[in-house]
**Student:** 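Could you have a look at this structure, given as structure tokens, before my questions?
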Amino acid sequence: IAGPPKDWTAFGAEAARTVPAGTVAFASSPRARDLRAFVTGWRLAGYRFPAEDRGRQLLVDPGGPDLSEVLAGTDATMATRDLVNTPSNTKNPQWMVDQARRVARQVGADIEVLGVPQLRAGGFGGVLAVGGGAASPPRVAILRKTGAGPHVVLVGKGITFDSGGLSLKPREFMGLMKSDMAGAAAVLSVLRL
């Protein structure tokens, strides 16, 4: 391009979509914040599901600015996308619990899983009603991570396929019901940061 881009994130996204596989180099080193924006655009626009289809890698000069925060953030975003994009015939409630256990191990969090008996005893009637018609029994995963600072509570809805109102939804929207657990996916990804 002739001059520096106005929007480095959009520039990175466009480069990920249009530059053939190979090396991207800058004629002059961009400022640290511009490089961070470029890397964000490049990584998020290059997202493919499943992960093995992503292909291109971005190599950044190790002597350049610290990109660890950008890489962690884009990794968390892609992890959320992977959870959402996993087909619903794979991601049942137990599968989601397994993902929560994996994250808990990675980040050193404690996990408590409530099955049907605990949900009944705890008065989780809504969860039991929604999960009552499914082949896989409902679960609620609670992750706790101690640390300094304020006490923060994150809650994410994890319904793995929303079939409610099945007869009311147009068929073209049924494929999107697998994303009803995006709130839980986002919470799991936030814990990775």
Side-chain angles (χ1 to χ4, degrees), residues 9 13 40 43-54 69-193:
T9 305
T40 298
R43 294 194 85 216
L44 295 181
Y47 172 82
R48 301 290 177 274
F49 181 81
E52 54 267 14
D53 290 345
R54 292 193 189 135
E69 189 174 311
V70 169
L71 297 176
T74 54
D75 282 348
T77 299
M78 291 189 287
T80 300
R81 290 176 177 180
D82 284 345
L83 290 172
V84 170
N85 287 321
T86 298
S88 289
N89 63 341
T90 298
K91 66 175 173 195
N92 61 28
Q94 186 57 52
W95 184 89
M96 283 297 294
V97 165
D98 294 341
Q99 304 314 302
R101 282 192 171 113
R102 182 174 295 132
V103 170
R105 277 193 304 274
Q106 290 171 353
V107 303
D110 294 323
I111 184 168
E112 177 184 3
V113 178
L114 306 179
V116 172
Q118 295 88 3
L119 294 172
R120 273 196 197 105
F124 288 79
V127 173
L128 291 165
V130 169
S136 301
R139 303 274 187 270
V140 170
I142 302 167
L143 283 74
R144 293 180 180 90
K145 185 175 179 189
T146 57
H151 186 80
V152 176
V153 177
L154 302 172
V155 179
K157 181 174 152 187
I159 296 175
T160 56
F161 189 85
D162 180 10
S163 61
L166 186 61
S167 61
L168 303 174
K169 293 176 182 159
R171 73 180 152 86
E172 60 270 14
F173 294 112
M174 289 308 296
L176 299 175
M177 295 304 103
K178 70 179 184 173
S179 66
D180 212 34
M181 44 59 69
V187 168
L188 290 176
S189 292
V190 165
L191 288 170
R192 299 172 199 263
L193 297 175

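Note that the structure is predicted; figures quoted are calculated from it, not measured.
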**Student:** Pairs in or reaching into residues 143-153: which pass salt bridge (Lys or Arg N to Asp or Glu O under 4.0 Å), with residues at least two apart or in two chains?
**Tutor:**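 Sorted pair list: Glu112-Arg144.
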**Student:** Enter the distance from Leu188:CG to Leu154:CG here, rounded to the nearest 0.5 Å.
**Tutor:**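 The CG atom of Leu154 is 10.0 Å from CG of Leu188, to the nearest 0.5 Å.
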**Student:** Could you walk me through whether Gln118 and Val113 pass side chain to side chain contact (heavy atoms under 4.5 Å, CB included), step by step?
**Tutor:** CA-CA 9 Å; Gln118 295 88 3; Val113 178; over 6 Å; no
**Student:** Do Phe49 and Val84 make a side-chain contact, defined as non-hydrogen atoms from C-beta onward lying under 4.5 Å apart?
**Tutor:**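 No. Closest side-chain heavy atoms not under 4.5 Å.
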**Student:** Taking all heavy atoms of Arg81 and all of Leu44, pick out the closest pair and write down the distance.
**Tutor:**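 Looking at all heavy atoms of both residues, the shortest contact is NH1-O, 3.0 Å.
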**Student:** Determine the minimum heavy-atom distance between Thr74 and Thr40, stating which atoms define it.
**Tutor:**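 Result for this residue pair: CG2-CA, 4.0 Å.
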**Student:** Would you mind reporting whether Val187 and Val155 have side-chain heavy atoms less than 4.5 Å apart?
**Tutor:**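 Side chain of Val155 against side chain of Val187, heavy atoms only: no contact under 4.5 Å found.
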**Student:** Going through the distances and angles, do Trp95 and Leu83 end up as a side chain to side chain contact (heavy atoms under 4.5 Å, CB included)?
**Tutor:** CA-CA 10 Å; Trp95 184 89; Leu83 290 172; 3.6 Å; yes
**Student:** What's the shortest heavy-atom distance between Ala100 and Leu143, and which atoms?
**Tutor:**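 Shortest heavy-atom contact: O-CD2, 3.7 Å.
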**Student:** Please list, chain by chain and in numerical order, all residues satisfying side-chain hydrogen bond (donor to acceptor under 3.5 Å, both in side chains) with Arg139, sequence neighbours excluded.
**Tutor:**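 For Arg139, the residues satisfying side-chain hydrogen bond (donor to acceptor under 3.5 Å, both in side chains) (neighbours in sequence not counted) are Gln94.
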**Student:** Do Thr77 and Tyr47 have side chains that approach each other closer than 4.5 Å (heavy atoms only, starting at C-beta)?
**Tutor:**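 The answer is no; the side chains never approach within 4.5 Å.
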**Student:** Kindly determine whether Asp180 and Lys157 satisfy salt bridge (Lys or Arg N to Asp or Glu O under 4.0 Å), including the steps that lead there.
**Tutor:** CA-CA 7 Å; Asp180 212 34; Lys157 181 174 152 187; 3.2 Å; yes
**Student:** Do the side chains of Arg43 and Val70 get nearer than 4.5 Å, heavy atoms only?
**Tutor:**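 Side-chain contact under 4.5 Å: no.
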**Student:** Measure the shortest side-chain to side-chain distance between Met181 and Lys91 over non-hydrogen atoms and say whether it is less than 4.5 angstrom.
**Tutor:**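 Sidechains of Lys91 and Met181: in contact.
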**Student:** Are Leu114 and Ile142 packed together at the side-chain level, in the sense that at least one heavy-atom pair is separated by less than 4.5 angstrom?
**Tutor:**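 They are in side-chain contact.
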**Student:** Taking all non-hydrogen atoms of both residues into account, name the closest pair between Pro93 and Pro137 and its distance.
**Tutor:**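 In terms of heavy atoms, the two residues are closest at CB-O, 3.4 Å.
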**Student:** With sequence neighbours left out, write down each residue that passes side chain to side chain contact (heavy atoms under 4.5 Å, CB included) with Leu128, or none if nothing qualifies.
**Tutor:**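 Val116, Leu119, Arg120, Pro138.
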**Student:** What closest approach, in Å, do Ala76 and Leu193 show between heavy atoms, and which atom pair accounts for it?
**Tutor:**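 Looking at all heavy atoms of both residues, the shortest contact is CB-CD2, 3.8 Å.
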**Student:** Show the numbers, then the answer: is there a side chain to side chain contact (heavy atoms under 4.5 Å, CB included) between Ile111 and Arg105?
**Tutor:** CA-CA 9 Å; Ile111 184 168; Arg105 277 193 304 274; over 6 Å; no
**Student:** If every non-hydrogen atom of Ala185 is compared with every non-hydrogen atom of Thr80, which pair is closest and at what distance?
**Tutor:**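 Closest pair (atom of Ala185, atom of Thr80, distance): O-OG1, 3.6 Å.
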**Student:** Distance check, rounded to the nearest 0.5 Å: Ile159 atom CD1 versus Ser179 atom OG?
**Tutor:**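 If we round to the nearest 0.5 Å, Ile159:CD1 and Ser179:OG are 11.5 Å apart.
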**Student:** What's the spacing between Asn89 CG and Thr160 OG1 if we round to 0.5 Å?
**Tutor:**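 Those atoms lie 10.5 Å apart.
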**Student:** Tell me whether Arg101 contacts the main-chain N or O of Met96 through its side chain, where contact means a donor paired with an acceptor under 3.5 Å.
**Tutor:**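 Between the backbone of Met96 and the side chain of Arg101 there is no qualifying donor-acceptor contact (under 3.5 Å).
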